[in-house]
There are 2 protein chains.
Amino acid sequence: MTLYEILPDLRRQSVDVRHAETGLWAASMLRERISAGQLAPGAKLSEEPLCEVLGVSRNTLREAFATLAGEHVVTRIPNRGVFVTRPTADDIREIYRVRRFLEPAALTWSTSAKTDALHAAIARGRDARSAGSVPGMASANQDFHAGVVALTGSNRLDLQMTQVLAEMRLVFHSMVANPLFHSPYIDDNDGILERFEAGERSAAAELMVDYLRRAEEQLLEAHARS
Amino acid sequence: MTLYEILPDLRRQSVDVRHAETGLWAASMLRERISAGQLAPGAKLSEEPLCEVLGVSRNTLREAFATLAGEHVVTRIPNRGVFVTRPTADDIREIYRVRRFLEPAALTWSTSAKTDALHAAIARGRDARSAGSVPGMASANQDFHAGVVALTGSNRLDLQMTQVLAEMRLVFHSMVANPLFHSPYIDDNDGILERFEAGERSAAAELMVDYLRRAEEQLLEAHARS
DNA sequence: TTCGACAAGTTGTTCAACAATCGAGCCGAA
DNA sequence: TTCGGCTCGATTGTTGAACAACTTGTCGAA
């Protein structure tokens, strides 16, 4: 399987692209493909073929690598190359460590109570479950938890959560997909939101911690298997 | 004042430097100087003179810029150049928004209770206050709050806090230094630590929120003045 | 088999060139 | 004078080629 088959024809058309964002453009291109699983965890991103496919120079590509490395999407090993990050068990633990602080904190202390996006995410999750769509459930679940952190109103925490969720996708991609993994959590989310809206914030936070612990445990177990 | 006077002779000596880290080296060089206030907020980092001073090529310098931009230490304006970030009032609010979630969360839910570093930071703060050293008090205070987040045991949250504190230093550098700003907070920190060690975690978290609100208010006021 | 020298392939870094953009200063019209 | 548009110089954005340094695998000698 050549890189061309995985990433056909990403060369940007010369029209309507601005000067001064090629590096970011290349980064977003790769980020997309990695997030979609087309570039699997562990895959090596060799400079020369990628330059060819993206239609950018090596120097520009390296700027893109620097950006992605800062997001932990990609791992740079000096003199060896750049690889799509393959999360370790420790990475999984770290991801959930972060989430167990961020999400309960958001539920407990956020001043905003705009929960429309949360309800929408839960609804989308139910629809996906009915339709039997695993990616749909996964994405809806991510939206819900991103939405919880968005309650903080902080761009930085949002960004941190976005990055952590991007790494979660890498975790999923590096393991066998279990269709049953996401489905029970939809009701968990609903319960959390219910408590939150009832003003029982610490109860909501507790449910969240409980959810996160169970999810971590399941993921670690699946990771050990793979 | 030329760049040479501000950053004399940073060119790295050819001996004992490894291949494959020049970009990171340049980034850390600049980070240091910015953190120390030698490169003030708003200062333009022109490529050519900086290449000269650092002894690296433009491409490598640009990799360093990408790194620093990811840390919000530096702001890139397309086709205009790279500048040391000059925090706005909104930035200050955002910084404290992050801190008001991170630090109370650490106090409330961290599993570690290793408070040696916190005691040490408070002691250093008292020494600095006796010695009348404003930078000493500032640095001790930062150490204390970094230490609180370190209780989470999470590298990511640590890193986030490190970045936020780096931006705090930019805030200080872009305003007139008020010698009285830091001194009262040493006792606040002591009170917080006392509650935490007594197991009264929510009380500690409340004190922390209170401290952060007061600090934010003072900084915003000082910022409006400047 | 084991070890080390060597060769090939990649990454790290530099350099020089050109394209695109910005901003200052100049000029002329109202 | 003041305003708008213009040109021009300086700086940034991007490229391609070149070379240095490192990694890996191979081959042959002991």
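To find a chain, count down the sequence lines: A is the first, B the second, and so on, and within it residues start at 1.
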For [X] and [N], give me the distance from atom [atom1] to atom [atom2], rounded to whole Å.
X       : N      : atom1 : atom2 : value
A/Glu63 : C/dG12 : CD    : P     : 15 Å
A/Phe65 : C/dT10 : CZ    : P     : 14 Å
A/Arg76 : D/dC22 : CZ    : C1'   : 15 Å
B/Arg62 : D/dT12 : CZ    : C1'   : 6 Å
B/Leu50 : D/dT11 : CG    : C1'   : 13 Å
B/Leu54 : C/dT13 : CG    : C1'   : 14 Å
A/Leu45 : C/dT11 : CG    : C1'   : 14 Å
A/Glu47 : D/dT15 : CD    : C1'   : 15 Å

Any [X] side-chain nitrogen or oxygen under 4.0 Å from OP1 or OP2 of [N]:
X       : N      : value
B/Thr60 : C/dG12 : no
B/Thr22 : C/dT13 : yes
A/Lys44 : D/dT23 : no

Can you confirm whether or not the ring centre of B/Phe181 sits under 6.0 Å from the ring centre of B/Phe172?
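When the ring centroids of B/Phe181 and B/Phe172 are compared, they turn out to be within the sub-6.0 Å range.
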Please check if the side chain of B/Ser154 supplies one atom and the backbone of B/Ala150 the other of a donor-acceptor pair under 3.5 Å.
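The answer is no, because no donor-acceptor pair under 3.5 Å joins these two groups.
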Test ring-ring contact (aromatic ring centres under 6.0 Å, His included) applied to A/His145 and A/Tyr211, step by step:
CA-CA 11 Å; A/His145 290 274; A/Tyr211 153 84; 4.7 Å; yes
Gap between atom CG of B/Leu151 and atom OG1 of B/Thr115 - 0.5 Å precision
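The OG1 atom of B/Thr115 sits 8.0 Å away from the CG atom of B/Leu151.
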Once you round to the nearest 0.5 Å, how far does CE of A/Met29 lie from CG of A/Leu50?
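Nearest 0.5 Å value for the CE-CG distance: 12.0 Å.
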Among C/dT13, D/dT14, C/dT11, which nucleotide has an atom closest to any side-chain atom of B/Ser57?
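Out of C/dT13, D/dT14, C/dT11, the nucleotide with an atom closest to B/Ser57's side chain is C/dT13.
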Quick check: on DNA chain D, is the nucleotide nearest B/Val82 upstream (toward 5') of the one nearest A/Arg80, or the reverse? Name the residue that is more 5'.
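Nearest nucleotide further toward 5': that of B/Val82.
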Using the closest heavy atom to pick a nucleotide of DNA chain D for each, name whichever of A/Asn59 or B/Asn79 lands nearer the 5' end.
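The residue mapped nearer the 5' terminus is B/Asn79.
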If you assign each of A/Ile77 and B/Arg58 to its closest nucleotide in DNA chain C, which residue comes earlier from the 5' end?
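The 5'-side residue here is A/Ile77.
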